[in-house]
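Following: one structure in structure tokens, then a few remarks.
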Amino acid sequence: MSFTRKIGKKNGKDLINISDKVFDNVYPTIISEISSNVSVEKQEVLEKFDDKDKKNKLVCNFISAYKTINDIIKGKILSCFEDAISGKLESKAFTNIDKSQCIYELLNSVNIYFVNSEMCGGKTFDKREIPSDIVWSINLDKKELHNKIENEEFDKANERGEVEAVLLGCYKRDTERYFAGEGLKSMNGSVINSFDDVSKHCSIFLWIDHIYETSNNYYNISFEALLTFVLLHELMHLLMDVFDETKFGIKGEENLKCLGQLYGYFREESLANALALHLCDSTGNEALVYSILDHFVQNQTIPYQTGWLYKNLFEKAVKNWMKCKTGKYLTKQLAKEWLLEITEEKPDSNNLRRIEDEIEEILPDK
Ligand SMILES: [Zn+2]
């Protein structure tokens with residue numbers, strides 16, 4: 001999930017129940033197959049833009065963003081995760097695929113849908129449910145959250161409410177993913193066993209109206225840059241989703257309850273952002289690099305902001321997190337220490353590095 005705080009006022013639109021409506025022009029796209037204008041032009045979200053020049057420009061932005069992402073994920077930039085991911089995918093998927101291609105193939109098999117807020121509750125062309133764009137998240141401010149964690153009031157720290165925010169993107173699989181879609185109750189997480197399963201069971205939704213409006217609210221972020229960043233963030237949830245997180249837990253705590261839930265959510269979102277920032281930076285493209293997206297990320301809530309602190313530390317952190325998801329248990333003390341650090345007024349990346357080293361120590365490789 002990716003969202004940002006609201007800037008400016010909400011356009012007072014009530015949620016209309018359109019649960020049975022199928023939007024025929026919400027076609028799935030995948031990263032490598034958006035090279036022609038036609039596949040974008042027909043998308044229903046673009047019908048809202050009457051101005052022909054604006055519409056043509058947006059079509060170019062979509063194609064350019066997809067091309068950028070395709071180039072990034074085709075490269076070796078995520079190769080440090082190849083072993084972890086290829087080992088978790090079923091061997092049958094690899095008969096024709098080089099290991100070095102596994103991340104590209106994985107990310108290139110997920111269906112991506114362009115939607116807008118009016119479509120929430122409806123269905124896509126291929127009958128997938130379009131999620132709500134109402135954001136349920138943690139309402140407490142940094143200081144309150146820090147105090148609750150310090151006093152071990154984890155259930156209170158975990159309370160979710162409807163927050164003043166706009167949803168930009170969402171990664172889903174049909175057995176709903178827990179951490180990426182905070183607030184969702186299903187815990188029937190399943191290991192993604194083959195690329196085939198990815199296209200059948202996983203989807204990414206991008207709220208194009210929200211991305212467009214949000215980019216207009218930041219003077220130095222283009223629609224294309226924000227679209228690229230949000231899509232990369234959602235793809236990184238997929239990258240980290242090859243494990244069965246139902247086994248995740250904290251030693252001495254009930255699986256996924258309270259502290260574990262809080263830690264898991266903050267961890268997952270911060271690392272999805274850290275990876276997305278790293279990938280943007282790897283392009284060397286001025287319009288995408290940290291200095292620009294910094295403004296955007298700093299406006300997000302704590303777990304997303306934390307991604308910024310992990311820009312030089314993401315590799316170890318993602319590996320540690322993936323080990324936790326495969327059932328390596330973290331100590332309560334370290335999970336709590338990490339949450340306390342990131343809810344400090346000014347979290348210190350040196351402290352995060354130290355905590356990360358300690359986590360690495362207690363989580364064996366095998
Ligand atoms: Zn997310």
Side-chain angles (χ1 to χ4, degrees), residues 2 4 68-69 71-85 103 107 142 146 179-180 220-221 225-226 228-241 243 263-325 328 330 334-363 365:
S2 185
T4 190
T68 303
I69 293 174
D71 290 346
I72 295 173
I73 63 176
K74 216 169 192 172
K76 298 291 289 169
I77 199 81
L78 290 168
S79 58
C80 53
F81 304 117
E82 267 166 21
D83 284 339
I85 288 164
I103 292 177
L107 300 182
K142 219 172 193 179
H146 189 88
F179 295 123
N220 54 2
I221 300 180
L226 192 56
T228 308
F229 179 72
V230 171
L231 183 47
L232 282 170
H233 172 102
E234 304 309 338
L235 287 169
M236 293 304 101
H237 280 305
L238 170 61
L239 176 101
M240 293 186 277
D241 196 24
F243 301 103
Y263 178 81
Y265 163 55
F266 276 66
R267 190 74 165 161
E268 178 80 17
E269 293 300 349
S270 63
L271 295 180
N273 250 16
L275 284 160
L277 283 167
H278 167 72
L279 295 178
C280 286
D281 196 45
S282 73
T283 63
N285 175 349
E286 278 290 306
L288 267 175
V289 291
Y290 292 157
S291 59
I292 295 190
L293 284 166
D294 181 23
H295 300 281
F296 172 72
V297 172
Q298 293 306 330
N299 240 299
Q300 293 187 288
T301 53
I302 305 161
Y304 301 88
Q305 287 171 13
T306 306
W308 176 253
L309 295 164
Y310 268 91
K311 58 188 177 182
N312 296 318
L313 193 53
F314 70 91
E315 194 176 318
K316 184 184 291 216
V318 172
K319 281 180 179 164
N320 283 347
W321 177 225
M322 283 179 165
K323 282 188 210 165
C324 282
K325 285 185 175 182
K328 306 279 189 295
L330 196 65
L334 276 174
K336 189 179 159 185
E337 224 176 287
W338 184 81
L339 284 167
L340 282 174
E341 184 60 39
I342 65 160
T343 51
E344 284 287 350
E345 184 63 41
K346 284 197 163 60
D348 181 344
S349 56
N350 289 324
N351 282 341
L352 288 174
R353 183 177 292 275
R354 178 188 53 76
I355 296 168
E356 222 54 68
D357 287 341
E358 284 182 42
I359 292 175
E360 193 180 29
E361 283 275 300
I362 63 156
L363 300 174
D365 267 328

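Each salt bridge (charged side-chain N to carboxylate O under 4.0 Å, His left out) pair with one or both residues in residues 340-354, not counting sequence neighbours, appears once here: Glu337-Arg354, Arg354-Glu358.
Using a 4.5 Å cut-off on side-chain heavy atoms (C-beta onward), Glu268 and Lys325 make contact. Here the side chains of Ser282 and Ile72 are in contact, with some heavy-atom distance below 4.5 Å. For the pair Leu275/Met240, a side-chain contact is recorded, criterion being any heavy-atom separation below 4.5 Å from C-beta on. For the pair His278/Asn312, no side-chain contact is recorded, criterion being any heavy-atom separation below 4.5 Å from C-beta on. For the pair Leu352 and Ile342, the minimum side-chain heavy-atom distance is below 4.5 Å. Proximity of Thr306 to Glu269: side-chain heavy atoms (C-beta onward) are nowhere separated by under 4.5 Å. Put simply, the side chain of Ile69 reaches to within 4.5 Å of the side chain of Thr228, judged on heavy atoms.
With Gln300 contributing its side chain and Gln305 its backbone, the two residues share no donor-acceptor pair below 3.5 Å. Side-chain N or O atoms of Asn320 include none that pairs as donor or acceptor with a backbone N or O of Leu363 at under 3.5 Å.
Classified by interplanar angle (parallel below 30°, tilted 30° to 60°, perpendicular above 60°), the ring pair Trp338/Tyr263 is perpendicular. In this pair, His233 and Phe229 present their aromatic rings tilted. The plane angle is within the 30 to 60° band.
In this structure, OG1 on Thr68 lies 10.5 Å from CG on Leu231, to the nearest 0.5 angstrom. Interatomic distance, Lys319 NZ to Ile359 CD1, rounded to the nearest 0.5 Å: 15.0 Å. The structure places CD1 of Ile362 at 5.0 Å from CG of Leu330, a figure rounded to the nearest 0.5 Å. Annotation: the span from Leu334 atom CG to Glu356 atom CD amounts to 9.5 Å, rounded to 0.5 Å. Phe266 contributes atom CZ, which lies 6.5 Å from atom CG of Leu339 (distance to the nearest 0.5 angstrom). Ser349 OG to Leu313 CG: the interatomic distance, rounded to the nearest 0.5 Å, is 8.0 Å.
Shortest non-hydrogen contact noted between Tyr304 and Val297 is O-CG1, 3.6 Å. Among all heavy-atom pairs drawn from Gly307 and Asn273, the shortest one is CA-CB, 4.1 Å. In terms of heavy-atom proximity, Glu315 sits nearest to Phe81 at O-CE2, 3.9 Å. The two residues Ile302 and Thr343 have their closest heavy-atom pair at CD1-CG2, 4.3 Å.
Atom NZ of Lys74 has 12 or fewer heavy atoms from other residues, nucleotides or ligands within 6.0 Å.
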For this session: Would you check, one step at a time, whether the test side-chain contact (heavy atoms from CB on, under 4.5 Å) holds for Asp71 with Thr283?
Result: CA-CA 9 Å; Asp71 290 346; Thr283 63; over 6 Å; no
For this session: Carefully, step by step, assess Met236 and Val318 under the rule side-chain contact (heavy atoms from CB on, under 4.5 Å).
Result: CA-CA 10 Å; Met236 293 304 101; Val318 172; over 6 Å; no
Exercise. Hey, mind stepping through Lys76 and Glu82 against salt bridge (charged side-chain N to carboxylate O under 4.0 Å, His left out) and telling me if it holds?
Worked result: CA-CA 9 Å; Lys76 298 291 289 169; Glu82 267 166 21; 3.2 Å; yes
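Asn285 pairs by the side-chain hydrogen bond (donor to acceptor under 3.5 Å, both in side chains) definition with nothing, not counting sequence neighbours.
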